[in-house]
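Inspection log for the structure reproduced underneath, given as structure tokens.
What's counted below: heavy atoms across the whole structure, side chains too, no hydrogens, waters or symmetry copies. Chain letters run A, B, ... following the sequence lines, proteins first, then strands; residues in each count from 1.
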Amino acid sequence: QKEVEQNSGPLSVPEGAIASLNCTYSDRGSQSFFWYRQYSGKSPELIMFIYSNGDKEDGRFTAQLNKASQYVSLLIRDSQPSDSATYLCAVKDAGKSTFGDGTTLTVKP
Amino acid sequence: EAQVTQNPRYLITVTGKKLTVTCSQNMNHEYMSWYRQDPGLGLRQIYYSMNVEVTDKGDVPEGYKVSRKEKRNFPLILESPSPNQTSLYFCASSLKLRQTRQETQYFGPGTRLLVL
């Protein structure tokens, strides 16, 4: 079983809708949780970092962490075509990072 | 401008010919890391460094070496490259703010390596 699992894509939503991306992890010792956006042919870009249970909001993005269920999600409200990208979930324990395979999101105008 | 630079951006080489990919950051970040990205395998960590002279293995360190002699630089060395090291390589640096526990992170533009 892979250590970090993301919901298989691709995911397609209409413009203005909420996109929901999910991630589960197996290591209960994981301390930090990240969401990255990666456009095709570009490097990953950190969009959300969360370390405590609950929600963290930044603009149209909300990350939700539930350590008991070993689950972290990313919600994108009012999705825009420019949000079309691959979203990577990662967990970090001290310095070691493990990434999920990514979920490709397409936002249709 | 905050940035992580990698050189070269593209490299074609032959099996066994030693090469170095440089990584440099201008943000005084303590933490730096190398990743490789392969289709179907995602992003995998090769090595990381928590600070100068401190390095540790990630998930796929075999065939790679690193050094961290100064804070800004973290070169990746392939002593004897093989075709299975053909990949897209990313360097990243990050800073964790101890008071707020927030973390900022930047990736370099990537180095596309082809080993024949």
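Note that CG of A:Asp101 and CG of B:Leu43 are 10.5 Å apart. Values are rounded to the nearest 0.5 Å.
At a heavy-atom cut-off of under 4.5 Å, chain B is reached by A:Phe49, A:Tyr51, A:Lys56 from residues 49-62 of chain A, listed in order of number. Close approach to chain B, defined as a heavy atom under 4.5 Å from one of its heavy atoms, is seen in A:Ser32, A:Phe34, A:Tyr36, A:Gln38, A:Lys42, A:Ser43, A:Pro44, A:Leu46 of residues 31-46 of chain A, taken by number. Identified by a heavy-atom distance below 4.5 Å to chain B, contributing residues of residues 70-86 of chain A are lacking entirely.
No more than 12 heavy-atom neighbours from other residues, nucleotides or ligands sit within 6.0 angstrom of CD1 on B:Ile12. Within 6.0 Å of atom CD1 in A:Ile18, 12 or fewer heavy atoms from other residues, nucleotides or ligands are found, so the atom counts as exposed in its surroundings.
For residues 61-109 of chain A, the disulfide (SG to SG under 2.5 Å) pairs, not counting sequence neighbours, are A:Cys23-A:Cys89.
Of the two parts of B:Phe90, only the side chain, counted from C-beta on, holds a non-hydrogen atom closer than 4.5 Å to a non-hydrogen atom of chain A. Of the two parts of B:Gln102, the backbone and the side chain both hold a non-hydrogen atom closer than 4.5 Å to a non-hydrogen atom of chain A. Heavy atoms closer than 4.5 Å to chain A are found in the side chain of B:Tyr35, but not in its backbone. Residue B:Ser49 does not touch chain A at all, counting heavy-atom pairs closer than 4.5 Å. Residue contact with chain A, scored on non-hydrogen atoms closer than 4.5 Å, involves the backbone and the side chain of B:Asp59 alike.
B:Met50 and B:Leu76 are not part of a single hydrophobic cluster, where members link through side-chain heavy atoms under 4.5 Å apart. By the criterion of side-chain heavy atoms lying less than 4.5 angstrom apart, applied directly or through intervening Ile, Leu, Val, Met, Phe, Trp or Tyr residues, B:Tyr48 is not grouped with B:Leu78; the two fall into different hydrophobic clusters. Hydrophobic clustering of Ile, Leu, Val, Met, Phe, Trp and Tyr side chains at less than 4.5 Å, counting indirect connections, unites B:Val66 with B:Leu113. B:Phe107 and A:Leu88 fall within a single hydrophobic cluster, where Ile, Leu, Val, Met, Phe, Trp and Tyr side chains are chained together by heavy-atom contacts under 4.5 Å. A:Ile47 and B:Leu95 are members of different hydrophobic clusters when ILVMFWY side chains are connected at heavy-atom separations under 4.5 Å.
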Side chain to side chain contact (heavy atoms under 4.5 Å, CB included) between A:Lys92 and B:Ser33: does it pass, once the steps are laid out?
CA-CA 12 Å; A:Lys92 194 172 176 184; B:Ser33 185; over 6 Å; no

